[in-house]
Amino acid sequence: MSRVVVSGRIPADGLAALQEQHEVVSWDDASGMPRAELLRRVAGADAIVSLLTDQIDAEVLDSAGPQLKVVANVAVGFNNVDVDACKERSVVVTNTPDVLTDATADIALGLILMITRRLAEGERVIRNQEPWKWGMFYLLGSGLQGKTLGIVGLGGIGAATARRAKAFGMKIAYSSRSGPKPELADELDATLLGFDELVATSDVLSLHAPYSPATHHLIGAEQLAAMKDSAYLINTARGPMVDESALFKALKSGQIAGAGLDVFEEEPAVHPGLSELDNAVLLPHLGSATVETRTAMAMLAALNTNAVLAGQAPPNPVT
Ligand code: GLV
């Protein structure tokens, strides 16, 4: 029997799909094993089913040992896994694409509505029992209709976000490091722009590229200065794609109109100034957080693990 280490609590169906075939070492805390525990428990593992909060690096791989065959990350992003170190050790890395596309796009659209229509601000008024009354100019936001949504990275989640935004009457533009996406662009009537032009012309700029050293601080002081002062930044991808302290300064000084963030540079820490700003909407990394999606992610990670351990090609290798 193979030994599978699951680094944190995952939905029961996914765990059962692993337990049917393997000896499973699991961990009951859904936010993951402490590092020392992970290093200790992976010893002798054939597979590691990891969460995005685990750093799966050379130290973890070496603690596991040479029999390790697969790291199945329960996330679409896999920047927490040192893929090169895995390759050097012939360890396959898999992720969970597609199953979280709709859930994450829902959150992106949710953030767009929350920030442009000032929903969180309004909710705080009621929740804090502040006096209010209807007024012609009270808490006016900004409409989406006819505005341009700039999608940075027109992959599955970017396209799903664009589809939703089109239903709200937005025009779609996109930039793409991997070249034009003619089919999606056709479907969405989306205009391909260079990254700098997209940044400068979007009314709402939404990040959907994978995080890597190449996309670290993709949005920094320079890009924020280039954005329209009426524009909003949305990030449901990975926190370090945005220079959070530059963003704080841009929001505080009114250089851009607002930001909706589901991810942060140093999760779970958030730049302390951001939560004091009314023009920032902040969510605690909820992109894929639905019962259905998390179940599907766990099932897919189990499928990938089981395939590799059975000597088959997994459905979702990352390279
Ligand atoms: C969530 O952030 C994921 O990458 O799945």
Side-chain angles (χ1 to χ4, degrees), residues 6-11 13-15 29-32 48-57 70-83 86 92-112 151-161 164 177-178 206-216 218-219 233-242 244 259-270 281-305 314-319:
V6 183
S7 75
R9 187 152 61 84
I10 61 171
D13 291 358
L15 191 63
D29 183 343
S31 54
I48 301 173
V49 176
S50 53
L51 306 183
L52 61 84
T53 43
D54 301 313
Q55 286 310 315
I56 307 295
D57 52 18
V70 56
V71 172
N73 208 39
V74 192
V76 67
F78 49 86
N79 54 292
N80 58 309
V81 180
D82 185 337
V83 175
C86 287
V92 176
V93 180
T94 67
N95 68 342
T96 60
D98 306 330
V99 292
L100 48 69
T101 296
D102 284 324
T104 307
D106 289 346
I107 289 288
L109 212 283
L111 282 171
I112 294 173
I151 299 277
V152 178
L154 193 65
I157 299 172
T161 302
R164 285 156 173 74
R177 297 168 63 87
S178 54
S206 191
L207 306 183
H208 300 283
Y211 176 63
S212 71
T215 57
H216 182 76
L218 190 65
I219 302 294
L233 176 70
I234 305 295
N235 190 6
T236 53
R238 283 291 181 268
M241 284 167 64
V242 175
E244 217 164 277
L261 308 174
D262 186 44
V263 288
F264 302 91
E265 251 194 286
E266 308 270 354
E267 290 177 18
V270 174
V281 169
L282 312 168
L283 300 180
H285 204 147
L286 298 178
S288 63
T290 69
V291 173
E292 298 83 355
T293 302
R294 289 282 161 82
T295 300
M297 289 165 71
M299 288 303 285
L300 198 50
L303 198 69
N304 278 296
T305 304
N316 311 109
V318 302
T319 47

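Counting starts at 1 for both ligands and their atoms, in listed order.
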Let me confirm one number: the [atom1]-[atom2] distance from [X] to [Y], rounded to the nearest 0.5 Å.
X	Y	atom1	atom2	result
L52	H285	CG	NE2	5.0 Å
N235	Y211	CG	OH	11.5 Å
I112	L233	CD1	CG	10.5 Å
H208	T101	NE2	OG1	11.0 Å

Proximal ligand 1 atoms for [X], defined as those under 4.0 Å from one of its heavy atoms:
X	result
G77	3 (C), 4 (O)
L100	5 (O)
H285	1 (C), 2 (O)
A75	3 (C), 4 (O), 5 (O)

Worksheet entry | Within-4.5 Å side-chain heavy-atom neighbours: L283 and L111 | yes
Worksheet entry | Distance from atom 4 (O) of ligand 1 to nearest protein heavy atom, with residue and atom | R238 NH2, 2.7 Å
Worksheet item: Would you say V74 and ligand 1 have an N/O pair spaced under 3.5 Å apart?
Response: no
Worksheet item: Does any N or O atom in V76 lie less than 3.5 angstrom from one in ligand 1, N or O only?
Response: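 Indeed, backbone or side chain, V76 has an N or O that close.
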Worksheet item: N304 and P315: which non-hydrogen atoms are nearest, and at how many Å?
Response: OD1-CD, 3.1 Å
